[in-house]
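In the text below, chain A, chain B and the rest are named by the order of the sequence lines, each starting its count at 1.
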There are 2 protein chains.
Amino acid sequence: MTGIRVMLVDDQELLRASLRTVLSADERIEVTHDVANGGDAVEVVRRHRLDVVLMDIRMPRMDGVAATAEIVRIAPATRVLMLTTFDDDELVVAAIRAGASGYLTKDVRPAALAQAVCDVASGTSALAPGVAATILDLVRQVPVRRTAALDGLTPREVEIFGLLARGRSNGEICAELVLSENTVKSHVRAILQKLDLRDRVHAVIHAYENGLVGRNDLPD
Amino acid sequence: MTGIRVMLVDDQELLRASLRTVLSADERIEVTHDVANGGDAVEVVRRHRLDVVLMDIRMPRMDGVAATAEIVRIAPATRVLMLTTFDDDELVVAAIRAGASGYLTKDVRPAALAQAVCDVASGTSALAPGVAATILDLVRQVPVRRTAALDGLTPREVEIFGLLARGRSNGEICAELVLSENTVKSHVRAILQKLDLRDRVHAVIHAYENGLVGRNDLPD
DNA sequence: TGCCGTCTCACCCCTTGGTGTGATGTCGGC
DNA sequence: GCCGACATCACACCAAGGGGTGAGACGGCA
């Protein structure tokens, strides 16, 4: 049986050569292609089945992020592993979003690199320690659902708050819940008072800031 | 000089013993304590300086997540490395949020474990490949700042949209930008028309849904 | 030169929203 | 049975917001 089919993408020919040497030393891996830029990489992916693409992020003629996005689009089974000199926060995030399965820096030890290639080929991910820290910081920023943000509201008020937060007008709320508009106004007033909010506008902000409505809880 | 001071926290005594053996084999590491539950771990952290806490996530008497949160609170310099049998999505995220610097599963190879302890001690992070995949999925869900969401707005309108999105009333905007209220209304009207929004309420929602204002871009 | 986009402002109009006050009915607990 | 919490609704008032129209000033560009 053949090993994991790998393509190297980097504009430095010397680095490609040394990567080829390092990876070929691992019997699980077979380096089948190497190219100098993202555009060529996409072409190769279009024509050949590959398991892993090892890609530099900065390159002439289509950078690594754009190439990654294109590759995962046309060949979802092919994993992309970014390999760069720095762990620039923005590039990490951009690469991950583009669909990269891992992100290593070039100071990685050969054995760890080969292991990472095998890891991503088997569907998991690989992150260099420094990069992992960046990613974890990002995760920590993800909102926490603070239920305390609705403290003191009655069940009915919570319900109406939900509609309020999605941009419903009093009229719409009264139609949806089959209530008189006066009733809705009473509830809204109670909500604003209890949460110490000025407006329904501030109610919406309150909801988003406290993670009470997620993004993609789209109003319509 | 002494090595990295490590505490083991796990309710299985046998596992603690084997971890101690494995880690002590690495000359950079010195296992100074081991305890069976989160509560005891917190006590130890309160009394002794530690570099790394290797913690199981499921335990009697204070689980790993709660213990982690407490430890990073009272000793921010101490790194917590979670070590569990499964890479349950929710637990991973909870642990990371609580402040864990890494997350390994118990199928890790001894050498990799020792390396991970050194990594987190030096301030970076360590993620098992399977866990990394979970985390990356999460990152991919994080909103993208779609500047297209403000397409067609003039610079002035973009500026006013920013205030609108933070819950400012027309009166406040006109005071902040030194404009007449009529002018502000004109701009707001143009904004709502161009973006096809009904309300200033929907403008706020639009802003959050498109990542144009982040959480913690608090209105006041 | 004239045109166009942008920013500025002024009216006017009507709808919606926020506030105050008060009333009714229901339910559960003491 | 009484009380308090909750949900329901009414009426009135005023402020704020959204919409229409028009218009002057400025700057860039053909």
Side-chain angles (χ1 to χ4, degrees), chain A residues 147-210 212-213 217-220, chain B residues 147-210 212-213 217-220:
Chain A
T147 43
L150 290 180
D151 252 12
L153 296 196
T154 69
R156 193 56 154 173
E157 287 163 355
V158 171
E159 187 181 7
I160 290 178
F161 182 89
L163 297 171
L164 207 52
R166 282 169 182 73
R168 301 285 196 277
S169 69
N170 289 339
E172 288 168 338
I173 295 174
C174 95
E176 257 174 88
L177 301 184
V178 198
L179 288 176
S180 102
E181 180 144 3
N182 284 314
T183 305
V184 174
K185 283 175 138 194
S186 290
H187 286 305
V188 170
R189 194 181 332 143
I191 292 169
L192 296 181
Q193 259 177 10
K194 286 182 181 177
L195 300 183
D196 193 28
L197 298 166
R198 195 175 63 182
D199 264 349
R200 60 205 303 113
V201 175
H202 281 87
V204 172
I205 294 175
H206 181 77
Y208 276 96
E209 289 292 338
N210 291 96
L212 301 169
V213 295
D217 282 350
L218 286 163
D220 304 307
Chain B
T147 44
L150 291 180
D151 252 13
L153 297 195
T154 69
R156 193 55 153 173
E157 287 163 356
V158 171
E159 187 181 6
I160 290 179
F161 181 89
L163 297 171
L164 207 52
R166 281 169 184 73
R168 301 284 195 278
S169 69
N170 289 338
E172 287 168 338
I173 295 174
C174 96
E176 257 174 89
L177 301 184
V178 197
L179 288 176
S180 103
E181 181 145 2
N182 283 314
T183 304
V184 175
K185 283 175 133 193
S186 290
H187 286 304
V188 170
R189 197 180 327 138
I191 292 169
L192 296 181
Q193 259 177 9
K194 286 183 182 178
L195 300 182
D196 193 27
L197 299 167
R198 194 174 64 182
D199 263 346
R200 60 206 304 111
V201 176
H202 281 85
V204 172
I205 294 175
H206 181 76
Y208 276 96
E209 289 292 338
N210 292 97
L212 300 169
V213 296
D217 282 350
L218 285 162
D220 302 309

Taken to the nearest whole Å, CG/B:D196 to P/D:dG19 is 11 Å
Between CG of B:D199 and C1' of C:dT16 the distance, given in whole Å, is 9 Å
Rounded to whole Å, the CG-P distance (A:L177 to D:dT8) equals 8 Å
**Item:** Short side-chain N/O contact from B:N170 to OP1 or OP2 of D:dA16, under 4.0 Å
**Value:** no
D:dG20, OP1 or OP2 - any side-chain N/O from B:R189 closer than 4.0 Å?
no
In this structure, CD1 of A:I173 is separated from CG of A:L164 (nearest 0.5 Å) by 5.0 Å
Task: Close side-chain approach of B:I160 to B:L177, heavy-atom, < 4.5 Å - done: yes
To the nearest angstrom, the CZ-P distance between B:R200 and C:dG17 comes to 13 Å
B:L164 CG to D:dG17 P, in whole Å, measures 10 Å
Taking C:dT8, C:dT6, C:dT19 as options, the one with an atom nearest any side-chain atom of B:T154 is C:dT6
Check: In terms of ring plane angle, is the pair B:H206 and B:F161 parallel, tilted or perpendicular, where the classes change at 30° and 60°?
Finding: perpendicular
Walking DNA chain C from its 5' end, the first of B:V178 and B:K185 to be reached, judged by nearest nucleotide, is B:V178
Keeping B:R156 on the side-chain end and B:H187 on the backbone end, is there a donor-acceptor pair under 3.5 Å?
no
Double-helix bend of the helix from C:dT1-D:dA30 to C:dC30-D:dG1, axes at both ends from 5 pairs, round to 10°, gives 30°
Separation of D:dG17 atom P from B:E172 atom CD, nearest Å, is 9 Å
Contacts of A:E176 meeting salt bridge (charged side-chain N to carboxylate O under 4.0 Å, His left out) (sequence neighbours excluded), chain-then-number -> A:R168
Over all strands shown, is B:T183 touching base, sugar-phosphate only, or nothing at heavy-atom distances under 4.0 angstrom?
base
Next item on the list: Assign A:R156 to base, sugar-phosphate, or nothing according to its heavy-atom contacts below 4.0 angstrom with the strands shown.
Entry: sugar-phosphate
### Message
What's B:S169 touching, base or sugar-phosphate or nothing? Going by heavy atoms closer than 4.0 Å.
### Response
sugar-phosphate
Here the gap from B:L153 atom CG to B:E159 atom CD, rounded to the nearest 0.5 Å, amounts to 12.0 Å
When rounded to whole Å, the CD to C1' distance for the pair A:E181 and C:dG17 reads 9 Å
Of C:dA10, C:dC7, D:dC9, the nucleotide closest to the side chain of B:N182 is C:dA10
Output for pair (A:N170 CG, A:T183 OG1), nearest 0.5 Å, gives 11.0 Å
Original post:
Donor-acceptor pair under 3.5 Å: do we get one between B:R198's side chain and the base of D:dG18?
Top reply: no
B:E157 CD to C:dC7 P, in whole Å, measures 6 Å
Residues B:E172, A:R198: salt bridge by 4.0 Å N-O rule: yes
Whichever of B:S186 and B:V201 has the more 5' nearest nucleotide on DNA chain D, that residue is B:V201
Which of D:dG18, C:dG18, D:dC9 is nearest the side chain of A:L179? It is D:dC9
